[in-house]
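All chains are named by letter (A, B, ...) in the order of the sequence lines, taking the proteins before the strands, and each is independently numbered beginning at 1.
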There are 2 protein chains.
Amino acid sequence: MEHRIEQIKKQLHAHSYKLTPQREATVRVLLEREEDHLSAEDVYLLVKEKSPEIGLATVYRTLELLSELKVVDKINFGDGVSRYDLRKEGAKHFHHHLVCIECGSVEEIVNDLLEDVERIVQNEWGFEVKDHRLTFHGICKQCQAATVKAT
Amino acid sequence: MEHRIEQIKKQLHAHSYKLTPQREATVRVLLEREEDHLSAEDVYLLVKEKSPEIGLATVYRTLELLSELKVVDKINFGDGVSRYDLRKEGAKHFHHHLVCIECGSVEEIVNDLLEDVERIVQNEWGFEVKDHRLTFHGICKQCQAATVKAT
DNA sequence: TTTTTAATTTATAATTAATATAATTAAAAG
DNA sequence: CTTTTAATTATATTAATTATAAATTAAAAA
Ligand SMILES: [Zn+2]
Ligand SMILES: [Zn+2]
Ligand SMILES: [Zn+2]
Ligand SMILES: [Zn+2]
């Protein structure tokens, strides 16, 4: 935890941004809830618990800043809100997601499954891939089991 | 064109929805601009040219309905708006996108490049894939050429 | 064809997410 | 310590989307 904060602090400084207490509080929330996919509002409410004086606009600006630094990735699962997802330590690419259309759960796939596909896109379409977004929509394990039981 | 409208009419009736003139006008715009990625507002303005009496809310509702019927796919490229993309005739899955981070262009890949990946997701994660969203972010051919020339 | 009915549209109003503004505060530099 | 710059707050505003209620209409039934 402290180690990653230190690391993010360095990244901020490298771009001559400061690690203010508000920014640190925001990063801590993201680290604590690494598995989740929080909206700006969600983050705001969680940060407020520990730093009640923070403003919503600051959280928005901080998340925007962290996106710019590739510390978080901004993603949209089709409900109206943007969600902010901490990039896994050292990952070059954004991880993938499995969204269940029954229960709404979101599972993560950390393995990069797109290396072959990216090679094809590069070679056959001449497109230089820098990053990707891959989300599967379907039925999660739990909901599959529930369906079988119900029949 | 007429053929696809007829087809969509049948799909609507199958769910006991009507094909109103407003809906037909909306579908025609989507068919005419099949390659584009229009926002609801974009669609509204284009429909208005031919049917000036239509309301924005109707366009929103129609697009929502067409999404539900899988005639269009709703997608978000990270700017604040949802875009509506006509599904290719007969396609089981949503096609892929190449978004250029330099010029903002959006190219389409109609081939399904994810069959192997979906097999892996199914077998190793036990997730039953129904659909997917795949977008690559990178540098398009034109911008690559421009960069080389500039150096 | 006329009637009937449920679906749909219109013309608002209301929500909600996100961004902009200006005054204030905190931090860094000299 | 004083000056300068960056960041935050509190508020207002914008922009996308959704909700509401009254009026209209497509399509099924008579
Ligand atoms: Zn994630
Ligand atoms: Zn599920
Ligand atoms: Zn380009
Ligand atoms: Zn497309």
Once salt bridge (Lys or Arg N to Asp or Glu O under 4.0 Å) is applied, do any residues pair with [X], and if so which ones, sequence neighbours excluded?
{"X": "Glu32(B)", "value": "Lys50(B)"}
{"X": "Lys88(B)", "value": "Glu108(B)"}
{"X": "Arg61(B)", "value": "none"}

**Request:** Select base, sugar-phosphate, or nothing to describe what Ile54(A) touches, counting heavy atoms under 4.0 Å on all strands.
**Result:** sugar-phosphate
Ordered by number, residues from residues 60-80 of chain A within less than 4.0 Å of DNA chain D (heavy atoms) are Arg61(A)
Expected list for residues 17-51 of chain B near DNA chain D, using heavy atoms below 4.0 Å, is Lys18(B), Leu19(B), Pro21(B)
ring-ring contact (aromatic ring centres under 6.0 Å, His included) pairs touching residues 116-145 of chain B, sequence neighbours excluded, are His93(B)-His132(B), His96(B)-His132(B)
For residues 45-78 of chain B, the ring-ring contact (aromatic ring centres under 6.0 Å, His included) pairs (sequence neighbours left out) are His37(B)-Phe77(B), Phe77(B)-His97(B)
Output yes when a side-chain donor or acceptor of [X] lies under 3.5 Å from a complementary backbone atom of [Y], and no otherwise.
{"X": "Ser39(A)", "Y": "Asp42(A)", "value": "yes"}
{"X": "Asn76(A)", "Y": "Gly78(A)", "value": "yes"}
{"X": "Arg23(A)", "Y": "Lys18(A)", "value": "yes"}
{"X": "Thr58(A)", "Y": "Ile54(A)", "value": "no"}

Validation: residues 1-13 of chain B side-chain donor-acceptor distances under 3.5 Å, sequence neighbours left out:
| from | atom 1 | to | atom 2 | distance (Å) |
| --- | --- | --- | --- | --- |
| Glu2(B) | OE1 | Arg28(B) | NH2 | 3.1 |
| Glu2(B) | OE2 | Arg28(B) | NH1 | 3.1 |
| His3(B) | NE2 | Gln7(B) | OE1 | 3.3 |
| His3(B) | NE2 | Glu89(B) | OE2 | 2.6 |
| Arg4(B) | NH1 | Glu34(B) | OE2 | 3.1 |
| Arg4(B) | NH2 | Arg87(B) | O | 3.1 |
| Gln11(B) | NE2 | Leu69(B) | O | 3.4 |

Of Thr58(B) and Ser16(B), the one whose nearest nucleotide on DNA chain C sits closer to the 5' end is Ser16(B)
Sorted by chain and number, sequence neighbours left out, side chain to side chain donor-acceptor pair (under 3.5 Å) with Glu64(B) holds for Lys74(B)
In short, the helix from dT1(C)-dA30(D) to dG30(C)-dC1(D) is bent end to end, axes from five pairs each side, to 10°, by 30°
Per nearest nucleotide of DNA chain D, the residue lying toward the 5' end, Val59(A) or Lys9(B), is Val59(A)
* Modelled atom types, side-chain donor and acceptor of His95(B) and Asp85(B), under 3.5 Å -> yes
Counted 5' to 3', the first and last nucleotides of DNA chain C within 4.0 Å (strictly under) of a heavy-atom of chain B are dA6(C) to dT10(C)
Salt bridge (Lys or Arg N to Asp or Glu O under 4.0 Å) pairs touching residues 109-121 of chain B, sequence neighbours excluded, are Asp116(B)-Arg119(B)
